[in-house]
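In what follows, every heavy atom counts, from backbone to side chain, and hydrogens, waters and symmetry copies are set aside.
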Amino acid sequence: MSAIGYALQEAWVSLRRSGRSALVSIGTIAIAFIALGGFLLLSVNLQRVIDESLRSAELSVYLREDASEQTRAALEAYLREQAVVLGVDRVTKADALERFLLDFPELEDVTSSLPGNPFPASLEVRLKADAASDGQAEALARTLVGRDGVADVRYDRRWLARLQALVTGGRVVGGIVAGVLLLGAAFTVGAVVRLSLHARRDELEIMQLVGAPFAYIRGPAVVEGLLLGGAGAALALAALLALHAGVGRSLGASLASGIGVAALQFLGAREIGLMVGSGLGIGALAGWLAARAIG
């Protein structure tokens with residue numbers, strides 16, 4: 001029998017013998033990977049919101065009430081000359097009020113009670129979405145502040161950059177939390193493998209005395225850890241998939257429309273590969289470290 005076949009057979013027998021200890025180890029790994037997968041799932045959907053918003057990011061230039069038509073035309077012509085600008089749309093006071101009522105129809109009574117239209121006219125500037133244009137758009141926004149006829153300037157990418165920083169920070173925090181949990185899971189896997197090795201100590205001593213290759217002595221421990229880690233990661237993915245499907249059926253449409261995407265997305269192939277590969281790697285490493293005590 002080959003070393004791989006022998007390791008697989010002995011690892012399976014050892015897992016069956018471990019029983020509850022193996023299940024506890026798999027459950028511990030699954031909890032750690034559910035935490036990691038939860039952070040990944042959240043960051044994947046938030047990143048979609050950011051990417052979608054960046055593609056449609058605009059520079060809104062709000063005009064003063066006393067701005068003349070000549071001033072507005074000159075400002076529009078200046079904007080159209082900028083390399084970073086794709087187009088400029090005029091939004092009148094009436095257009096702004098109509099948009100507000102479409103978005104917030106429940107506030108119609110509030111706006112109708114006011115003596116006049118409180119919304120300013122504006123110029124909506126469509127920007128290029130490539131990364132090189134970010135600095136140019138930021139510079140353009142600064143030059144518009146205080147310009148004749150301009151009351152205020154709102155640059156969408158500023159708050160999107162802050163949101164991106166928050167998502168990045170959340171990934172770091174999530175990675176740290178998941179790393180701590182995975183470290184605990186690795187110790188659990190190592191403990192289960194050590195128990196299996198202890199149960200086979202007489203057999204292993206005989207194999208060492210007769211000069212059996214280390215692949216036959218340590219291999220089953222490494223494979224046992226690998227199977228425990230892989231099973232825990234697979235269980236976590238199944239739990240996350242069930243959670244995603246359940247949330248999608250009950251709250252998916254509301255949540256998706258609330259954050260501005262068509263539908264909530266599950267983990268991609270890269271994230272799934274990361275979880276499965278990490279589970280297999282952590283389990284195999286824990287098994288190998290436990291097997292080093294053999295000699």
Side-chain angles (χ1 to χ4, degrees), residues 3-47 167 170-200 215 217-247 264-294:
I4 295 177
Y6 174 78
L8 285 170
Q9 178 179 322
E10 289 298 317
W12 177 248
V13 171
S14 180
L15 286 175
R16 293 181 60 184
R17 185 188 303 122
S18 299
R20 183 176 298 178
S21 298
L23 293 178
V24 170
S25 179
I26 292 172
T28 304
I29 295 173
I31 291 172
F33 276 105
I34 286 173
L36 175 61
F39 280 107
L40 289 174
L41 195 57
L42 182 61
S43 66
V44 162
N45 284 281
L46 284 178
Q47 191 63 54
V167 172
R171 287 175 177 171
V172 173
V173 172
I176 293 173
V177 172
V180 172
L181 293 174
L182 289 173
L183 183 61
F187 279 115
T188 305
V189 171
V192 172
V193 174
R194 280 193 296 271
L195 287 174
S196 299
L197 293 173
H198 182 73
R200 298 176 57 226
I217 299 174
R218 295 178 177 174
V222 175
V223 173
E224 183 178 353
L226 185 144
L227 292 176
L228 288 171
L235 180 61
L237 283 171
L240 287 170
L241 184 59
L243 179 62
H244 178 267
V247 172
L264 296 177
Q265 182 177 325
F266 191 62
L267 298 175
R270 182 178 62 180
E271 290 79 15
I272 292 175
L274 172 65
M275 290 183 62
V276 173
S278 298
L280 294 173
I282 289 172
L285 178 61
W288 178 75
L289 291 175
R292 288 188 62 185
I294 299 175

Drop me the distance from [X]'s [atom1] to [Y]'s [atom2], to the nearest 0.5 angstrom.
X	Y	atom1	atom2	value
L285	L280	CG	CG	12.5 Å
L235	F33	CG	CZ	11.5 Å
L289	F187	CG	CZ	9.0 Å
L228	I26	CG	CD1	5.5 Å
I29	I34	CD1	CD1	12.0 Å
L274	L40	CG	CG	6.5 Å

Open item on the list: Minimum heavy-atom separation for M275 and A233, please, with both atom names.
Closed with: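 Scanning both residues completely, I find the closest heavy atoms to be O-CB, 3.7 Å.
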